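Any value given below was found using the heavy atoms of this structure, including those in side chains, with hydrogens, waters and symmetry copies removed. On a predicted model such as this, the values are computed, not experimentally measured, just so you know.
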Amino acid sequence: MSLIQMEQLTKAFGVDILFAPFSGQIAPGDRIALIGDNGVGKSTLLKLLAEEERPSGGVVRRIGQVRVGYLPQTARLHGSGTLRQAMEEAFAPLRAMEAELRALEVELGSGTSPDAVHRYDDLLHRFDAEGGYEIDAAVRAALAGVGFGEDELDKPVEILSGGEEARAALARVLLENPDVLLLDEPTNHLDFAALDWFEEQLLGFAGALVLVSHDRHLLDRVANRTWEVAFGQVTIYRLGYEASRGARDAEREKLLEAFVTQEETIEKYKDFIRRHKMGQKHRQAKDREKKLERIEEARIEAPREAKRISLRIRSGSASGKRVLSFSDLAVGFDRPLIECGDVELFRGEKVAVVGSNGCGKTSLLHTIIGELAPLRGAAELGHGVRVAVYSQTQEGLHGDGTVLETILGKSSLTISEARGLLGAFLFSGDEVEKKAKALSGGERSRIALALLSLMEGNLLLLDEPTNHLDLASQEILEQALQAYDGTVLLVSHDRALLEAVTTQLWRVEDGRLLVSSYGYAEHRRRSEEARHAAAAGGRITASSGPAERRSEKSARLNEAAGARPRKSDKYEQKRLDDARTGLERAIEELERRLGEIERDLVTESEAGNGQRIASLGVEHKAVTADLEAKYREWEALAAKAE
């Protein structure tokens with residue numbers, strides 16, 4: 001069964017065709033990775049599916065009463081209310097139902113009407129079944145998932161930063177729980193915890209999904225279908241993101257083989273015709289001419305290759321063995337953001353620097369290169385260390401000068417050499433005369449990589465280097481870093497890059513720098529093992545994990561609810577329901593805190609912090625006891641209703 005159908009859908013701007021007519025469908029359970037280079041029309045295709053733009057030809061048809069949730073790349077919340085109120089807009093139908101329930105209660109209080117009783121009963125059942133009593137818990141969970149704290153729920157929408165607004169808009173579209181989700185770069189501004197939460201939300205989403213993202217890890221984990229936009233064509237693969245790459249490569253090889261065979265055949269026929277057209281074999285030559293005509297009518301074009309950047313990062317001469325050392329280092333401004341302590345970094349290590357947004361990762365890099373004075377202690381570079389920096393803000397690449405002037409101003413290259421370098425990063429012809437301030441994010445990132453390739457630093461400090469890069473350029477950067485023989489400090493939210501490149505992990509947690517002697521891939525593996533151990537009652541936690549505890553809670557609550565007969569006194573029933581709802585919210589909050597404690601136990605167990613583990617263990621026991629008491633209160637209320 002289709003939710004959305006596309007029939008000969010096409011879009012053009014004047015004479016520029018974004019994609020030729022194509023047909024397809026979106027069915028329940030489809031999780032589609034919409035991929036392609038920057039500027040090929042992915043966002044425009046999403047707008048067509050969302051009916052935010054009109055197609056140049058063809059039609060987008062929604063089947064039945066399909067509800068579509070659309071998150072544009074630059075998402076905005078409208079209105080002047082609070083963050084909580086903005087989220088509750090996703091539940092407008094339920095709030096309307098609740099208002100009708102309140103009105104019916106007033107009507108029933110002044111007299112009994114069989115129609116009103118029947119309507120109230122039906123509406124109450126629907127309100128409960130559709131989650132009417134769980135709105136507040138759902139809002140809190142969604143906002144916590146994208147990184148908002150409890151103290152931010154009543155924050156006015158109008159004072160949210162751009163990043164906060166984008167995260168809130170993502171939470172709201174997920175709360176809408178539509179039949180089809182259309183998401184354009186939804187992971188912008190999400191930290192690692194929020195990325196993991198979001199990934200799980202998509203994996204558990206029952207509807208259909210079309211996802212545009214530069215997050216290769218997310219695409220590979222979530223997608224079971226792939227639509228590729230390339231060279232004005234939309235190609236549909238019934239495969240996930242990574243599997244579709246193999247299919248695309250196989251198709252290209254098959255097409256190339258057919259093209260080569262065709263060209264060889266054409267050349268042989270032409271040669272035969274030239275030699276025998278006027279000779280004894282002129283009839284055979286005439287036959288070859290007819291065959292050539294048929295080939296020309298259905299001629300296979302050579303497979304087209306997208307232009308790719310060419311990146312090699314040179315380290316120059318090697319540094320000494322010790323590249324960087326911290327001595328009782330504290331990083332911050334008026335107060336410490338990170339207590340680093342004593343750390344040594346040795347030649348050849350490639351370090352993933354991770355932590356929540358705003359924890360001080362970029363400030364740490366600025367302290368290392370001397371742009372920010374330490375609050376305490378020192379950060380010292382080793383012998384022969386030459387630092388090359390890729391800045392997230394890309395300073396110096398926003399001015400009035402042209403692309404060519406920017407390269408010439410930051411290097412000793414000749415004009416010819418600068419043009420050659422820019423060509424390797426996809427700037428050719430008049431494109432080198434573009435104003436730097438008019439560049440797109442992707443173009444500016446390519447300029448920054450071009451400059452990085454000139455630096456010959458043996459210590460790279462990279463701050464979000466894959467921001468704005470298309471998927472292919474991300475992979476080229478990944479390969480360049482794998483081949484690089486110097487030392488790397490890498491701040492990034494690109495989990496695929498971190499997993500492929502890093503050999504060491506620096507985590508910023510609770511204002512402390514925790515150093516692990518393994519890379520990000522091993523960290524994720526250990527974290528998964530720890531979570532599974534916690535859920536199975538392993539050594540790290542003292543009780544069952546959150547997933548098991550939730551299933552136990554559900555079984556107990558559902559059993560009590562299922563055993564409760566319906567009451568004739570609707571008002572008493574409503575009072576008991578409200579009391580249970582309040583307890584369920586308290587249980588939800590305690591479970592959330594218990595999950596946080598268990599994650600902290602995993603972290604402190606890895607760090608070997610015995611004192612902190614003991615403290616968390618005491619809190620874990622207290623919260624568990626409180627949670628069990630709430631369960632008993634809930635069951636007591638359920639017994640009263642029987």
Side-chain angles (χ1 to χ4, degrees), residues 37-39 185 188-189 214-216 307-316 350-353 361-366 368-371 386-413 417-428 431-484 486-494 496-498 501:
D37 291 344
N38 291 344
E185 297 294 353
N188 292 349
H189 310 291
H214 285 79
D215 189 325
R216 293 172 289 159
K307 292 181 179 180
R308 298 296 179 218
I309 64 172
S310 176
L311 174 63
R312 181 187 171 201
I313 305 173
R314 299 173 177 83
S315 63
K350 295 173 181 175
V351 181
V353 184
K361 303 183 295 294
T362 298
S363 298
L364 174 60
L365 298 188
H366 288 170
I368 291 169
I369 61 177
E371 290 185 357
R386 297 182 312 282
V387 179
V389 179
Y390 181 105
S391 171
Q392 181 177 176
T393 54
Q394 299 169 343
E395 291 90 349
L397 302 182
H398 301 264
D400 291 324
T402 66
V403 170
L404 181 60
E405 289 168 347
T406 299
I407 293 294
L408 291 172
K410 293 179 176 291
S411 70
S412 58
L413 299 179
E417 289 170 337
R419 282 184 175 275
L421 174 69
L422 287 169
F425 288 85
L426 310 185
F427 292 93
S428 58
E431 289 178 325
V432 303
E433 300 300 334
K434 269 188 175 182
K435 296 287 187 182
K437 65 183 181 183
L439 295 176
S440 68
E443 289 171 328
R444 194 169 286 111
S445 293
R446 284 189 273 127
I447 295 294
L449 288 177
L451 291 169
L452 183 67
S453 72
L454 297 173
M455 291 181 187
E456 293 198 356
N458 51 31
L459 172 60
L460 295 184
L461 304 185
L462 307 178
D463 194 357
E464 301 292 355
T466 58
N467 279 4
H468 308 296
L469 291 181
D470 59 36
L471 297 172
S473 296
Q474 288 179 23
E475 292 175 358
I476 290 168
L477 173 61
E478 179 182 298
Q479 293 161 9
L481 290 176
Q482 288 172 327
Y484 175 72
T487 308
V488 180
L489 283 177
L490 174 58
V491 174
S492 179
H493 286 82
D494 188 332
L497 179 67
L498 294 174
V501 168

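Y390 pairs with exactly one of L449, L460, L477 by the side-chain contact (heavy atoms from CB on, under 4.5 Å) rule, that one being L449. Shown are L461, V353, L498; of these, the side-chain contact (heavy atoms from CB on, under 4.5 Å) with L490 is made only by L498.
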### Message
For a side chain to side chain donor-acceptor pair (under 3.5 Å) check, start with the C-alpha distance between H366 and D463, then their side-chain angles and the critical distance, and finish with the verdict.
### Response
CA-CA 10 Å; H366 288 170; D463 194 357; 5.6 Å; no

### Task
Decide side chain to side chain contact (heavy atoms under 4.5 Å, CB included) for K361 and L364; before the verdict, give the C-alpha distance in whole Å, the side-chain angles of both, and the deciding distance to 0.1 Å.
CA-CA 5 Å; K361 303 183 295 294; L364 174 60; 5.7 Å; no

### Message
Before you tell me yes or no, could you show the steps for I407 and L451 under side chain to side chain contact (heavy atoms under 4.5 Å, CB included), namely the whole-Å CA-CA distance, both residues' side-chain angles and the distance that decides it to 0.1 Å?
### Response
CA-CA 7 Å; I407 293 294; L451 291 169; 3.7 Å; yes

### Task
Walk me through it: do R308 and D37 pass the test salt bridge (Lys or Arg N to Asp or Glu O under 4.0 Å)?
CA-CA 10 Å; R308 298 296 179 218; D37 291 344; 2.8 Å; yes

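By the side-chain contact (heavy atoms from CB on, under 4.5 Å) test, E456 is found to be paired with R314, residues two or more places apart in sequence or in another chain being considered.
Separation of atoms CG (L471) and CG (D215) is listed at 9.5 Å; rounding is to 0.5 Å. Once rounded to the nearest 0.5 Å, the distance linking CG of L408 with CG of L413 reads 7.0 Å. Taking CG of D470 as the reference point, atom NE2 of H214 lies at 6.0 Å (rounded to 0.5 Å). Separation of atoms CD1 (I368) and OG (S363) is listed at 11.0 Å; rounding is to 0.5 Å. Rounding to the nearest 0.5 Å places CG of L454 at 11.5 Å from CD1 of I313.
Among all heavy-atom pairs drawn from Q394 and S445, the shortest one is NE2-OG, 3.2 Å. Annotation for T402 and E433: closest pair CG2-O, 3.5 Å, computed over non-hydrogen atoms. Between S453 and L421, the closest heavy-atom pair is OG-CD1, 3.8 Å. Scanning all heavy atoms of the two residues, the minimum distance from D400 to K437 falls at OD1-NZ, 2.7 Å. Closest non-hydrogen pair, S492 versus D494, comes out as OG-N, 2.9 Å. Across all their heavy atoms, Y484 and G457 have their closest contact at OH-O, 2.6 Å.
Q479 places no side-chain N or O within donor-acceptor distance of the main-chain N or O of I476, the cut-off being under 3.5 Å. Proximity of a side-chain donor or acceptor of H398 to a complementary backbone N or O of T393 within less than 3.5 Å is detected.
Considering only heavy atoms from C-beta on, Q392 comes within 4.5 Å of T362 through its side chain. In this structure, the side chains of L439 and F427 come closer than 4.5 Å at one or more pairs of heavy atoms. A heavy-atom distance below 4.5 Å is found between the side chains of K410 and L397. The closest side-chain heavy-atom distance from E443 to E431 is not below 4.5 Å. Looking at heavy atoms from C-beta onward, I309 lies out of side-chain contact with L469 at the 4.5 angstrom threshold. Looking only at side-chain heavy atoms (C-beta outward), L497 and R216 come within less than 4.5 Å of each other. Residues T406 and R444 form no side-chain contact, since every pair of their non-hydrogen atoms from C-beta on lies 4.5 Å or further apart. The closest side-chain heavy-atom distance from L462 to L481 is below 4.5 Å.
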